[in-house]
There are 2 protein chains.
Amino acid sequence: MAKANVPQISDAEWEVMKLVWGRGPLVAADVVESLAAQNRWSPRTVKTLLNRLVRKGALGYQVVGRHYVYRAQVTRDACVRRESSSFLSRVFNGSAAPALVHFLEHEYLSPEEIERMRSILDGAREQEGRP
Amino acid sequence: MAKANVPQISDAEWEVMKLVWGRGPLVAADVVESLAAQNRWSPRTVKTLLNRLVRKGALGYQVVGRHYVYRAQVTRDACVRRESSSFLSRVFNGSAAPALVHFLEHEYLSPEEIERMRSILDGAREQEGRP
DNA sequence: GTCTATCGACCACAAGTGTAATCGAAAGGG
DNA sequence: CCCTTTCGATTACACTTGTGGTCGATAGAC
């Protein structure tokens, strides 16, 4: 076993988590600075999001001087997995293939992305049959 | 242009919509019957969901005798598109390719599905560059 | 014709979300 | 040392969502 207690992370909270995953431990001010600009959120809003993420167990913090340094307590991969499986089961009854078909038909992948996907599939074909 | 006002559809509401899309116009009792068994929902709960979907514009109804016959007002495809793009942007910053990688790594597509994806990609490659 | 079982309309209520504002302590400027 | 700025804690508030209950009309059962 491994995951299990990955909390639910809302839309706005994902923005915060992506930042923390991407840039490592951050103090609130850094998060505010990045997100306020990008999403036009008030600093208060960002603080609230940080708080909720801590309460949910998605973030932890260390007190350094009079600042909090936030760091992720759950891996990005675990969260992605949770979201993906919820998305797939809600929309595609749990199967990934129809989802991919849909992406191909509607999300307008660039030729480069299509080539990239082909090579990913080539790789996958060679090791089919793992657990 | 085309879509735009596809309403947000919640998890529980998706169950209702999938039923209506799959089986065509239904009276409330049919929906209740299918979903109460499957999801252990009270009939009231199902009624509430139907109501909310009507209010959102996702379902419409015709009064037939003293029953309502519900039918979809939005296509499944439009809703799938909305969900997909929200999912992709929330979790993968909007690109489908990383989503594919994730599905391949974790959702265990069958070899047949992988082959199917390949042939779809072959098709996609040939007509790359439409809107 | 009257009584009851149904149907849809409207109400409830707690948890989660988006979006903040207020408050009290503490730290740094002068 | 005092005042202001800053930080985190606490509070707010409307909307959505999951989950269901109440109520008045009405169509059938007798």
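Being a predicted model, the structure only gives us computed values, none of them experimental. All chains are named by letter (A, B, ...) in the order of the sequence lines, taking the proteins before the strands, and each is independently numbered beginning at 1.
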Protein-nucleotide distance ([X], atom [atom1]; [N], atom [atom2]), rounded to Å:
X: A:Arg40; N: C:dG18; atom1: CZ; atom2: C1'; value: 16 Å
X: A:Ile9; N: C:dG16; atom1: CD1; atom2: P; value: 14 Å
X: B:Glu15; N: D:dT19; atom1: CD; atom2: C1'; value: 15 Å
X: A:Leu49; N: C:dT19; atom1: CG; atom2: C1'; value: 9 Å
X: B:Leu26; N: C:dG8; atom1: CG; atom2: C1'; value: 17 Å
X: B:Leu50; N: C:dA9; atom1: CG; atom2: C1'; value: 13 Å
X: A:Trp14; N: C:dG16; atom1: CH2; atom2: P; value: 19 Å
X: B:Trp41; N: D:dG21; atom1: CH2; atom2: P; value: 16 Å

Holding to side chain to side chain contact (heavy atoms under 4.5 Å, CB included), I want the full list of residues that pass it with B:Pro43, two or more places apart in sequence or in another chain. B:Val32
Listed partners of B:Ala58 passing side chain to side chain contact (heavy atoms under 4.5 Å, CB included), at least two apart: B:Pro7, B:Ile9, B:Met17, B:Leu53, B:Val74
Is there a donor in the side chain of A:Ser10 and an acceptor in the side chain of A:Arg52, or the other way round, less than 3.5 Å apart? no
Is it true that a side-chain atom of A:Arg82 and a backbone atom of A:Val6 form a donor plus acceptor pair closer than 3.5 Å? yes
Can you tell me how the ring of A:Phe92 sits relative to the ring of A:His102, calling it parallel under 30°, perpendicular over 60° and tilted otherwise? tilted
Does A:Arg90 contact D:dT17 through a side-chain donor or acceptor facing the base, at a distance under 3.5 Å? no
Quick one: is C:dT17 close enough that its OP1 or OP2 comes under 4.0 Å of any side-chain N or O from A:Lys56? yes
Which sits closer to the 5' end of DNA chain D, B:Ala12 or A:Arg52, going by the nucleotide each is nearest to? A:Arg52
Its contact letters, B for base, S for sugar-phosphate only and - for none at protein heavy atoms under 4.0 Å, make nucleotides 6-11 of chain D read BSBSB-
Is there a side-chain contact between A:Leu50 and A:Tyr70 in this structure, where contact means two heavy atoms from C-beta onward sitting under 4.5 Å apart? yes
Any salt bridge between A:Glu83 and B:Arg90, counting N to O under 4.0 Å? yes
Determine the contact category for B:Thr45: base if any of its heavy atoms lies under 4.0 Å from a base atom, sugar-phosphate if only primed atoms, P, OP1 or OP2 are that close, otherwise nothing. base
